[in-house]
Amino acid sequence: MPLLAQAGAHAAALADLPRLAGGPGAAHAPVLAHGLGGRTDLPLDAVAAIVGGGAAVAASFLALTAAWKRPRLSPDGGRPLPARLAAVLDSRALTWTGRVLALAASAFVVAVAFAGPPDDTSNLAPWALFDTFWVGLVPASVLLGPVWRRVNPLRTLHAGLCRIARADPAAERRPLPDGVGYWPAAAWLTAFVWLELVAPDRSDPRVVGVLILAYAAVNLAAAGRYGRDWFTRGDGFEAYSSLLARMCPIGRRGDGALVLRTPLTGLVRARAEPGLAATACALIGSTGFDGITRTTYWRDNVDPGSLVAGTLGLAAAIGAVTALYVAALRTTARLTGGDPAALPGRFAATLLPIALGYTLAHYFSFFMIEGQTTFILASDPFGTGLNLLGSTGNRVDYDLAGPTLTAQVQVNAIVLGHIAGTIAAHDLALRTQPPNAPRAASSPSPRSWSR
């Protein structure tokens, strides 16, 4: 695939930058009324962002082709952590402390959802779910590793239920069918972004409470049937955290040792994983859809409260990302002599840096600005006049993420996400391309057509 064509595809993806800013004229409306909020008054020149970003990505293509001629990322590489530090990080005390805190926090949020104030401006449950948890899970997983797997309240509940029933938590009454992979996680995450972006009454605290309990019940029932390994790929949030953790600088080698590693090494395993491409494409497509809904065209031509329009728009965005990714990888397979059916799955993990880049760009100001609301409301969770944290009555500080900082984060997150994905794909291609395959095709970066 010609490098300039690939750079053009990346540059086209960078055109989404202005939409991530919210578009001119957008206001600081109640954030949960339309899915996301954050800064909209950004000093972001669209043309300069697209041209500069496209040039940076194109330069990365050229540099990789000229200088990166052999695989350099080793999945089993890394420098072992000091023994004492590794022992602390792997300790059961740390695990169970995290599990108890996570379970207590989850129970607290559910209790507030049902017993706290009835409106989303005064009840912390919607803010805790859509902001603190959903957005905060991203930096926590990338910086600290698969944290949700470690503290998942559903694993704690499952272990407790198994103890009561005197059953083995790992026992499975029925094995998962072959090929299931990440498909359950892809379905859960797609459903969650539909809830976040489209569903009516999604910020109603009572609805949030019911949905949390329903999600827990379904996954606990599945774990009772398939064993605790269900959570690894069947729990959408645990799978999401674990996938993002592949880019964490702290990883685990094949021999179980904790190591300090190059972050991209977790992305270059050659084995195809069913459903992983669908999961990544759902994350990228949903971010793009939310950006589209805040363009002038969408606001002027589509009823923002239309369930049908929102559902079809979200499905179209995810479908377009998926179709472009699969088509690009199958084209690459034909050029390199690879298997067109296997290549999209094999390179799916290299989409994760792009998904991370768009997620950081899209949610940064939302997390920094609107995320303060969770802390403010937690001071008086049940609306009884308490001031537990000294924050009751405080207002959101919009200067915490100023326009210049937000614009810089958006541009750099997207550009660096594309470059990181290109590096991982190029290195993986060098590992897996058939003998005598054309060198120019060794970087299957048309997966960047995902936007």
Side-chain angles (χ1 to χ4, degrees), residues 75-76 89-90 92 94-96 98-99 102-103 106 133-134 137-138 140-163 167-192 212 214-248 250-258 265-283 345-346 348-352 355-356:
D76 293 322
L89 295 178
D90 272 339
R92 289 177 57 85
L94 182 61
T95 297
W96 280 104
R99 287 192 172 189
L103 181 60
S106 301
F133 173 67
W134 173 241
L137 193 60
V138 176
S141 301
V142 173
L143 297 176
L144 303 176
V147 290
W148 199 241
R149 176 183 174 88
R150 190 83 177 268
V151 305
N152 191 345
L154 297 184
R155 284 185 178 268
T156 307
L157 290 174
H158 178 251
L161 291 172
C162 288
R163 179 179 288 272
D168 180 3
E172 50 186 35
R173 296 190 328 202
R174 183 176 180 180
L176 275 169
D178 293 336
V180 168
Y182 284 99
W183 284 108
W188 277 122
L189 291 172
T190 301
F192 183 81
I212 293 174
Y215 181 84
V218 171
N219 279 280
L220 286 172
R225 185 177 183 85
Y226 298 112
R228 67 186 176 195
D229 285 345
W230 162 264
F231 297 115
T232 302
R233 298 186 179 186
D235 178 352
F237 300 115
E238 180 172 314
Y240 182 41
S241 172
S242 297
L243 289 173
L244 291 173
R246 294 188 183 188
M247 294 175 280
C248 179
I250 298 177
R252 198 175 294 276
R253 251 180 0 205
D255 61 3
L258 284 173
T265 56
L267 305 176
V268 294
R269 299 182 180 92
R271 182 171 57 89
E273 299 173 272
L276 178 52
T279 303
C281 289
L283 295 172
R346 185 178 301 160
T350 65
L351 281 172
L352 295 175
L356 174 62

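Just so you know, these numbers use all the heavy atoms, side chains as well, and skip hydrogens, waters and symmetry mates.
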- Are the charged groups of E273 and R246 less than 4.0 angstrom apart, N to O? yes
- Message: So T279 and Y240, do their side chains get closer than 4.5 Å, heavy atoms only?
- Response: no
- Of all the heavy-atom pairs spanning L154 and A216, show the shortest one and how long it is. CD2-CB, 3.5 Å
- Task: Heavy atoms only: give me the nearest P153-S106 pair and the separation to one decimal.
- Result: CG-OG, 3.4 Å
- Say whether W230 and D235, considering side chains only, have a donor N or O and an acceptor N or O under 3.5 Å apart. no
- Sorted by chain and number, sequence neighbours left out, salt bridge (Lys or Arg N to Asp or Glu O under 4.0 Å) with D76 holds for none
- Which heavy-atom pair separates C248 from L144 by the least distance, and what is that distance? SG-C, 3.8 Å
- Message: For the CH2 atom on W183, are there more than 12 heavy atoms of other groups (residues, nucleotides or ligands in this structure) within a distance under 6.0 Å?
- Response: no
- Point-to-point distance, once rounded to the nearest 0.5 Å, from CZ of F133 to CD1 of I212: 9.0 Å
- Gap between atom CD1 of I250 and atom CG of L89 - 0.5 Å precision: 6.5 Å
- Task: To the nearest 0.5 angstrom, please state how far the CG atom of L283 sits from the CG atom of L352.
- Result: 8.0 Å
- Student check: side-chain heavy atoms of T232 and E238 closer than 4.5 Å: yes
- V218 side chain reached by W188 side chain, heavy atoms, under 4.5 Å: yes
- Item | Smallest separation among heavy atoms of A245 and P146, with atom names | CB-N, 3.3 Å
- Salt bridge between R252 and D90, side-chain N to carboxylate O under 4.0 Å? yes
- Message: If we ignore hydrogens and angles and just use 3.5 Å, is the side chain of S241 paired with the main-chain N or O of F237 as donor and acceptor?
- Response: no
- Query: Is it the case that R155 places NZ or CZ above or below the six-membered ring of F231, under 6.0 angstrom from the centre and within 45 degrees of the axis?
  - Reply: no
- Task: Test side-chain contact (heavy atoms from CB on, under 4.5 Å) on C281 and L351 and set out the steps.
- Result: CA-CA 8 Å; C281 289; L351 281 172; 4.0 Å; yes
- Query: OG1/T350 to CG/L276 distance, rounded to the nearest 0.5 angstrom?
  - Reply: 9.0 Å
- Query: Minimum heavy-atom separation for T190 to A282, with atom names?
  - Reply: OG1-CB, 3.6 Å
- Qualifying residue for side-chain contact (heavy atoms from CB on, under 4.5 Å) with M247, from L143, T265, L356: L356
- Item | Contact summary for L267 and A349, nearest pair of heavy atoms | CD2-O, 3.6 Å
- Query: Between the side chains of R150 and T95, does any donor sit under 3.5 Å from an acceptor?
  - Reply: yes
